[in-house]
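Below: the structure, in structure tokens.
Bear in mind that the values here come from a model prediction, so they are computed numbers and not experimental data. Positions are given from 1, in the same order as the sequence printed here.
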Amino acid sequence: MPDRALADSLVGQAQATAQKLPADVAGLAAEVPVIGGDSPPSREELLAVEPDFVYSPTTYEFTAEQGFASIEQLADAGVAAYTATGGCFDRRMEGTVNDLFIDLDNLGAIFHVEKEANDLISSSQAELATVDTAIEGQDRPRVAQVFVEGTTLTAIGAGIEYDILQRAGADNVFSPDDPAFADFFAAEITPESLAAEAPDALVFAVTDSAQEAAVRSYLAATFPDMPAVRDGRLIAVPSTDLFPGTLGNVSAVRLIAEELYPDAVFD
């Protein structure tokens, strides 16, 4: 169970309106002020709640050029900042699901809740082991992960998102070896280039049911002959489950694996 004392110490939650919190923590966060709406909070909004510690999935949330408080500005204000291991600038392209366990171990030590952190690590590793066992020896489908905004199509080819697909038993259509992903984990692509790859399944991130419906409609209309569309293998994943340093990374692995291997047994 989440630690009540730590929950009572929360002075703000950011990027919290884009998606509902999981049921097991929603109640604990009900009274925590939301700052920044769907986007990271501005420098002024963040400093106004006077935090002692800020946790962020990536370094983007600390970009001063975007109006956010930088790590240096937070340090000047006496605020400690922590970026998830898989979202750090020098690891964003190489992050893995296992980076989550580094973060849990660190947070357990920082907040003196080592036992709770170790319990989460153990249960998460057991969940991943369940997936490994269920899909062992299966033929791996070719899968592309995309992000759709209107009619703009972006492919994911590196970072923790890439590793989530790997752990779920997918052969990624796009990979860090592709020149398009040499400098960033995502790249805008044309519909024609995706169609040419003919993936067996498509994974896409969504924030709510309306966005999911819109993306499914776009994919069905744009790629009617693609195996993924023809066979109904369009897999929606909550966008927050793909953020580095979240327990949702493990949930995403299992969700995708269950969709890719519907006949497998996940005990």
Side-chain angles (χ1 to χ4, degrees), residues 86 91-101 123-148 153-182 184-187 189-206 212 215-216 218-220 222-239 241-244 246-267:
R91 188 159 174 76
R92 186 63 181 95
M93 294 287 289
E94 302 172 356
T96 69
V97 175
N98 285 345
D99 289 338
L100 168 64
F101 306 135
S123 61
S124 297
Q125 290 175 333
E127 185 84 342
L128 292 172
T130 295
V131 173
D132 290 341
T133 300
I135 66 177
E136 185 177 4
Q138 303 265 18
D139 292 333
R140 297 170 69 92
R142 296 180 68 254
V143 182
Q145 184 176 343
V146 296
F147 180 76
V148 179
L153 188 62
T154 301
I156 311 298
I160 192 167
E161 296 87 346
Y162 174 85
D163 189 60
I164 285 173
L165 259 65
Q166 290 284 99
R167 295 296 299 262
D171 274 345
N172 286 265
V173 169
F174 303 107
S175 79
D177 296 330
D178 299 333
F181 307 103
F184 195 60
F185 71 96
I189 60 172
T190 64
E192 291 77 15
S193 64
L194 180 60
E197 294 291 345
D200 300 310
L202 289 173
V203 171
F204 56 97
V206 297
E212 179 178 346
V215 173
R216 288 186 183 278
Y218 166 82
L219 294 174
T222 308
F223 307 105
D225 299 322
M226 182 182 290
V229 174
R230 186 188 61 223
D231 299 336
R233 304 182 84 181
L234 305 179
I235 305 171
V237 179
S239 59
D241 285 355
L242 301 176
F243 290 174
T246 71
L247 289 170
N249 296 163
V250 178
S251 302
V253 169
R254 176 151 186 164
L255 184 157
I256 295 168
E258 288 177 339
E259 292 287 339
L260 294 179
Y261 300 96
D263 297 326
V265 177
F266 295 84
D267 294 327

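Judged as a salt bridge (Lys or Arg N to Asp or Glu O under 4.0 Å), the pairs with a partner in residues 258-267 (not counting sequence neighbours) are, in order, Arg254-Glu258. Note on residues 171-181: pairs passing salt bridge (Lys or Arg N to Asp or Glu O under 4.0 Å), not counting sequence neighbours, are Arg140-Asp171.
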What verdict does the side chain to side chain contact (heavy atoms under 4.5 Å, CB included) test give for Phe204 and Glu212, after you've listed the backbone C-alpha separation in whole Å, the side-chain angles of each residue and the deciding distance to 0.1 Å? CA-CA 9 Å; Phe204 56 97; Glu212 179 178 346; 4.2 Å; yes

Could you walk me through whether Phe223 and Leu194 satisfy the side chain to side chain contact (heavy atoms under 4.5 Å, CB included) test, starting with their C-alpha distance in whole Å, then the side-chain angles of each, then the deciding distance to 0.1 Å, before giving a yes or no? CA-CA 9 Å; Phe223 307 105; Leu194 180 60; 3.7 Å; yes

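Under the 4.5 Å side-chain criterion, counting only non-hydrogen atoms from C-beta, Val229 is in contact with Leu234. Looking at heavy atoms from C-beta onward, Asp132 lies in side-chain contact with Arg167 at the 4.5 angstrom threshold. Residues Arg233 and Pro141 form a side-chain contact, since some pair of their non-hydrogen atoms from C-beta on lies under 4.5 Å apart. Leu202 has its side chain within reach of Met226: a pair of non-hydrogen atoms, C-beta onward, lies under 4.5 Å apart. Residues Phe174 and Pro199 form no side-chain contact, since every pair of their non-hydrogen atoms from C-beta on lies 4.5 Å or further apart. Here the side chains of Ile135 and Phe266 are in contact, with some heavy-atom distance below 4.5 Å. In this structure, Asp200 and Asp231 have side chains that are not in contact, with every pair of non-hydrogen atoms separated by 4.5 Å or more. A 4.5 Å side-chain heavy-atom check between Val253 and Val250 finds every atom pair outside the cut-off.
In this structure, the side chain of Thr130 engages the main chain of Ala126 through a donor-acceptor pair within 3.5 Å. A donor-acceptor contact shorter than 3.5 Å is absent between the side chain of Arg92 and the backbone of Phe185.
Nearest heavy atoms, Leu153 versus Pro191: CD2-CA, 4.0 Å.
Here the OG atom belonging to Ser175 is positioned 13.5 Å from the CD1 atom belonging to Ile156, to the nearest 0.5 angstrom. Between the CD atom of Gln145 and the CD1 atom of Ile164 there is a distance of 7.0 Å, given to the nearest 0.5 Å. Residue Thr96 holds its OG1 atom at 8.5 Å from CZ of Phe101, rounded to the nearest 0.5 Å. For the atom pair Leu165 CG and Ile256 CD1, the distance stands at 5.0 Å (nearest 0.5 Å). Between Leu242 atom CG and Ile160 atom CD1 the span is 8.5 Å, to the nearest 0.5 Å.
Applying the salt bridge (charged side-chain N to carboxylate O under 4.0 Å, His left out) test to Arg142 and every residue at least two apart in sequence or in another chain returns Glu197.
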